[in-house]
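Scroll down for the structure; my scribbles are underneath it.
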2 protein chains.
Amino acid sequence: MREGPDIARIASLVGDPARANMLNALMGGTALTASELALEAGVSLPTASSHLSKLMEGGLLTLASQGRHRYYGLASAQVAGMIEAIIGVAEAVRPKRVRPGPRDAAMRVARVCYDHLAGEQAVAMLDRLFDRKLLLREDNQIRLSPAGASHFSALGIETHAKARRPVCRACLDWSVRRSHLAGTLGAAILDKIIAEKWARREKDSRAVVFSPTGRQAFERVFLS
Amino acid sequence: MREGPDIARIASLVGDPARANMLNALMGGTALTASELALEAGVSLPTASSHLSKLMEGGLLTLASQGRHRYYGLASAQVAGMIEAIIGVAEAVRPKRVRPGPRDAAMRVARVCYDHLAGEQAVAMLDRLFDRKLLLREDNQIRLSPAGASHFSALGIETHAKARRPVCRACLDWSVRRSHLAGTLGAAILDKIIAEKWARREKDSRAVVFSPTGRQAFERVFLS
DNA sequence: GGAATGCTTCGATGAGGATCGAACCATGCG
DNA sequence: CGCATGGTTCGATCCTCATCGAAGCATTCC
């Protein structure tokens, strides 16, 4: 009986430690090769390969072949959002940790969530965008206001809807437990932050570290 | 190897078909007993009990003992949100059938979500109840207005809060991606729809099919 | 008290799937 | 070409865990 989407199938794909590590590594937004992912997950290459084909068949990954390299990446922002949601629950449920390490702290402040910014900074930014009525909250959705459209356009950020991906989307933040901005606009803002060198990505981590002047610039543009 | 929150542990809890069915059943927001959940999942009572203790230990469920009954419910809205996210991916990834069968289409229009109505009809109804100020949106909750109380009372629908179950509750709709009405009021409305023979439940399915005259009556009362 | 109901624990069984070494394809390089 | 590198497939092994019947607690009803 019980028809409907096969949720157990999807969840069990994420439910294996090796696969979970791979997906977690891919949350950084860059596509990785099978060997990199094997290393990341701590399994042998054949094992990793087997997992990867399962994830592919499950529709969670995309594959881009380039010469003899094969780059695996998350299939969609929706998949990334799902993983964030699972991380959020795992985080909430986790037995009280001794103390969050320094890397954890940086992750809480700002990190990459697939292709957009997450963490305290990102949550604060979304709040501020609502306050300034650049974005409007509608039911469970987020919409760009006319004022917002011209504002972002002036910053050199395009806000036209392309393909089927929404411009604005709320994404629940596991560290802050409130929403931050995803969608093409969220991605474009992160692009700008990196392009302007306001912040750089920490090596081998999802953490995003702002420079002192970069932080000022970011706050001036998005938190003022 | 990165040691973040144990996402595999959480995902694997959802990754078993029996447990997934239980969680899915609990998405309605009502707490259920172990035997009801066993039936829902199609497993024996001992098996269900074993799954339930695992879900409890994983922090996904809460337990309320009342006499010899033990009511299991989702631990938090965060857990519900995670399950919704997984459903969303499963839905998006589901192998496109040649064409959505008639039953699938019917499911999208109207279906039972444990004990209340879901689908396009249900989402439209909730919108309309807000428009008419019979229900009020408060924070993330839904409250019955005085006007609403007398309105439903006139229809022969009792709206007194009984036990611990809320009268109104929002439930996210996987097909429409917006909220519909759950809670005792949602259940009572579905009861009325069936009692008035405006619609009947499709055998062995969650689909709810309105008769032509039944649809008119429903629209007059709830969508006008 | 005793019987009935609701649920959990125990024990035995079985199946699925994660794992790795070795062998096998494919691409690029000299 | 032949060799090296990146990746997948195959086969065998092993272990976890889902499952259910039977027995054991707990609570309520008569």
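Below, read A as the first sequence line, B as the second, and so on, with proteins coming before strands; counting in each chain starts at 1. Given the structure is predicted, the values throughout are model-derived calculations rather than measurements.
A donor-acceptor pair is defined here as one N or O able to donate and one able to accept, closer than 3.5 Å; no such pair exists between the side chain of Ser12(B) and the backbone of Gly15(B). Arg19(A) contributes no side-chain N or O that, together with a main-chain N or O of His51(A), makes up a donor-acceptor pair within less than 3.5 Å.
Applying the side chain to side chain contact (heavy atoms under 4.5 Å, CB included) rule to Glu57(B) yields the partners Arg9(B); only residues at least two apart in sequence or on another chain are considered. Judged as a ring pair (Phe, Tyr, Trp, His ring centres under 6.0 Å), and not counting sequence neighbours, the contacts of Phe218(B) are Phe210(B), Phe222(B).
For Gly148(B) against Leu144(B), the heavy-atom pair with the smallest separation is C-CD1, 4.0 Å.
The separation between Met22(A) atom CE and dT19(C) atom P is 9 Å, rounded to whole Å. Following rounding to the nearest Å, Asp16(B) (CG) and dG16(C) (C1') show an atom-to-atom distance of 12 Å. Met56(A) places its CE atom 14 Å from the C1' atom of dG7(D), with the value rounded to the nearest Å. Atom CG in Asn21(A) sits roughly 10 Å away from atom P in dT19(C) (whole-Å rounding).
The shortest distance between the side-chain N/O atoms of Lys54(B) and the OP1/OP2 oxygens of dC17(D) is not below 4.0 Å. Contact annotation: His51(B) side-chain N/O to dC17(D) OP1/OP2 distance is not under 4.0 Å.
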Please write out the pairs of protein N or O atoms and N or O atoms of nucleotides 6-10 of chain C separated by less than 3.5 Å, giving the distance to one decimal.
unit_1: dC7(C); atom_1: OP2; unit_2: Ser35(B); atom_2: N; d: 3.4
unit_1: dC7(C); atom_1: OP2; unit_2: Ser35(B); atom_2: OG; d: 2.1
unit_1: dT8(C); atom_1: OP1; unit_2: Arg70(B); atom_2: NH1; d: 3.3
unit_1: dT8(C); atom_1: OP1; unit_2: Tyr72(B); atom_2: OH; d: 2.4
unit_1: dT8(C); atom_1: OP2; unit_2: Ser49(B); atom_2: OG; d: 2.8
unit_1: dT8(C); atom_1: O5'; unit_2: Ser49(B); atom_2: OG; d: 3.1

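At a threshold of 4.5 Å between non-hydrogen side-chain atoms, the residues Leu63(A) and Met56(A) count as touching.
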